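What follows is a set of notes on a single structure, which appears directly below.
The structure presented is a predicted model; accordingly, all values stated were derived computationally and were not measured.
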Amino acid sequence: LAASWWRYWRYGCAALSIHQNAIICLRGHLRKLERVNPKMEFMANLFAQNRKAALCFAGASAALLGFGLGYRFLRKPKKFTQVGVVSQLLLYPMKSGKAVPVEAAECLRMGLKYGELEDRHWLVITDDGHMVTGRQQPRLVLVSMSCEGGQLCLNGPDMEELRVPLHQPSNPVYKCRIFGSDTEGRDCGDEVSDWLTRYFKGEKTYRLVHYEPHLKTRRPAEKEPAFPKDDKVAYPDAAPIMLISEASVKDLGSKLDRDISVLQFRPSIVVSDCKAFIEDTWDNIQIGQVEMKRVMGCGRCIFTTVDPETGVISRKEPLDTLRTNC
């Protein structure tokens, strides 16, 4: 990680891995999986792993009956308890771009999807392929992206709306770098490049690339071993889903003596009706039919000091307060 990163786990979002795809909606109940006795869990896993062998080699019907009853007893249905309610669902189609609030979204292994928009599937890069985020260009948080009628639409302060074809298969594929990891993206064209370059008013040339399923992905486990080895992402820092509670953000605001926006933490899922920081204890959760596992707390960086309404970076709060209180 870059030297500018501060790691304050208590106030960070929970980074999640997705076990089962489905639709999640606002006001959906969030439930946590109740912990089981570790010894019982071990025995259940042992039975599950050796069930076939036992069935093949056990000689007595009584033994088979006992095995079957034991397996059924140990493999009880999962027990979930409601712990919160989904209050916001947020997509960031372009990495570091403006959030898109939605009423419902598909929850896929690589993140949330709404129509043609997929979370962090577009990336601003320099000509040499290095990523550009709100850390380097804070005003990127004011750029909105939408898709209408097969067209990609970009809007930003004091800029004309730009519309280009969503899919441009003849455009070149760029090699990209995200925190030292190699990935790829399909160039969105010279019109988009000119628009971004004018928006940032800099000397560099900027381009926008789009992740496509056949392109090279990144595996979070290569940087953070806690992630499942088969997890893949397009352009997020690490996790496909980030979750935070309203109460945690409110608690932080009370220490700052002012309100702070949940958008400064870039979560995918915001939860209400729970206590501050209780999300740190949710190891396995379910929203509707979607099952997720908490992998780790997310370290907070200087990007949290960018005001999502103005695009101004302070480089101080909330990091100074997090450092003092954690």
Side-chain angles (χ1 to χ4, degrees), residues 1-9 11-18 90-97 99 109-112 118-141 143 145 173-188 196 200 202 204-213 215-244 263-268 294-306 308 313 315 318-319 322:
L1 295 178
S4 62
W5 278 63
W6 301 92
R7 303 187 78 83
Y8 298 111
W9 304 116
Y11 290 92
C13 296
L16 305 177
S17 177
I18 302 163
L90 301 165
L91 272 78
Y92 309 87
M94 180 169 58
K95 186 174 180 66
S96 289
R109 287 293 301 271
M110 293 183 70
L112 298 185
E118 296 188 63
D119 191 72
R120 295 172 176 92
H121 272 49
W122 282 264
L123 174 71
V124 177
I125 60 170
T126 54
D127 261 348
D128 59 2
H130 284 83
M131 71 172 183
V132 178
T133 72
R135 303 169 183 89
Q136 301 85 31
Q137 291 288 351
R139 293 178 69 243
L140 188 53
V141 301
V143 177
M145 175 181 286
V173 171
Y174 274 74
K175 303 290 185 183
C176 311
R177 297 278 287 176
I178 297 180
F179 295 119
S181 296
D182 294 326
T183 186
E184 296 178 327
R186 176 82 63 185
D187 184 42
C188 291
L196 288 170
F200 291 131
K204 293 182 179 180
T205 297
Y206 297 91
R207 308 198 73 85
L208 183 69
V209 295
H210 177 217
Y211 171 77
E212 296 175 351
L215 298 179
K216 180 180 176 63
T217 57
R218 293 161 48 242
R219 294 186 180 272
E222 294 177 359
K223 294 287 185 180
E224 295 286 357
F227 282 94
K229 292 183 179 180
D230 61 342
D231 268 13
K232 297 185 295 185
V233 294
Y235 306 132
D237 286 359
I241 295 286
M242 303 287 282
L243 180 147
I244 200 169
L263 296 176
Q264 289 177 239
F265 297 93
R266 314 289 288 180
S268 316
R294 182 185 186 277
V295 177
M296 59 187 293
C298 175
R300 307 319 313 184
C301 70
I302 200 168
F303 194 12
T304 59
T305 71
V306 177
I313 186 169
R315 299 184 182 276
L319 286 184
L322 294 179

Step-by-step side-chain contact (heavy atoms from CB on, under 4.5 Å) determination, Leu112 to Ile241 = CA-CA 7 Å; Leu112 298 185; Ile241 295 286; 3.7 Å; yes

Applying side-chain contact (heavy atoms from CB on, under 4.5 Å), run through Asp230 and Arg109 and close with a yes or a no.
-> CA-CA 10 Å; Asp230 61 342; Arg109 287 293 301 271; 3.4 Å; yes

Stepwise side-chain contact (heavy atoms from CB on, under 4.5 Å) check, Lys204 with Gln137 = CA-CA 12 Å; Lys204 293 182 179 180; Gln137 291 288 351; over 6 Å; no

Evaluate side-chain contact (heavy atoms from CB on, under 4.5 Å) for Val141 paired with Leu263, printing each intermediate quantity in order.
-> CA-CA 10 Å; Val141 301; Leu263 296 176; over 6 Å; no

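Evaluation of the side chain to side chain contact (heavy atoms under 4.5 Å, CB included) rule for Lys175 yields Glu184 as partners, not counting sequence neighbours. Partners of Thr126 according to the side chain to side chain donor-acceptor pair (under 3.5 Å) rule, which considers only residues two or more places apart in sequence or in another chain, are Asp128. The salt bridge (charged side-chain N to carboxylate O under 4.0 Å, His left out) check on Arg218 picks up nothing, with sequence neighbours excluded. For the salt bridge (charged side-chain N to carboxylate O under 4.0 Å, His left out) test, no residue two or more places apart in sequence or in another chain qualifies with Asp127. Qualifying salt bridge (charged side-chain N to carboxylate O under 4.0 Å, His left out) partners for Arg139, counting only residues two or more places apart in sequence or in other chains: none. Glu222 is linked by a side chain to side chain contact (heavy atoms under 4.5 Å, CB included) to Arg219, counting only residues two or more places apart in sequence or in another chain.
Of all non-hydrogen atoms in Pro240 and Ser268, the two that sit nearest each other are O-OG, 4.3 Å. Shown here for Pro225 and Lys223, the closest heavy-atom pair between the two residues is CD-O, 3.8 Å. Pairing each heavy atom of Ala234 with each of Met110, the nearest pair is N-CE, 3.4 Å. Considering every non-hydrogen atom in both Cys176 and Leu123, the closest pair reads CB-CD2, 4.3 Å. For the pair Gly134 and Ser96, the tightest heavy-atom approach, listed with the atom from each and the gap, is N-OG, 2.9 Å.
Ring geometry for Tyr211 versus Tyr235: interplanar angle over 60°, hence perpendicular rather than tilted (30 to 60°).
Between Gln264 atom CD and Ile244 atom CD1 the span is 10.5 Å, to the nearest 0.5 Å. Here Met145 contributes atom CE and His210 contributes atom NE2; the two are 8.5 Å apart, rounded to the nearest 0.5 Å. One distance of note links CZ of Arg177 with CD1 of Ile125; it measures 13.0 Å at 0.5 Å rounding. Going from atom CD1 of Ile178 over to atom NE2 of His130 covers 11.0 Å, rounded to the nearest 0.5 Å. Taking OG1 of Thr133 as the start and CG of Leu140 as the end, the distance is 7.5 Å to the nearest 0.5 Å. Put simply, CG on Asp187 and CZ on Arg207 are 4.0 Å apart, with the number rounded to the nearest 0.5 Å.
Without hydrogens or angle criteria, Asp119 side chain to Tyr92 main chain gives a donor-acceptor distance under 3.5 Å. Without hydrogens or angle criteria, Thr305 side chain to Ile313 main chain gives no donor-acceptor distance under 3.5 Å. In this structure, Arg300 contributes its side chain and Phe265 its backbone to a donor-acceptor pair below 3.5 Å.
In this structure the side chain of Val143 reaches within 4.5 angstrom of the side chain of Met94, judged on heavy atoms.
Lys95 has a carboxylate O that lies under 4.0 Å from a charged side-chain N of Asp237, or vice versa, which qualifies the two as a salt bridge.
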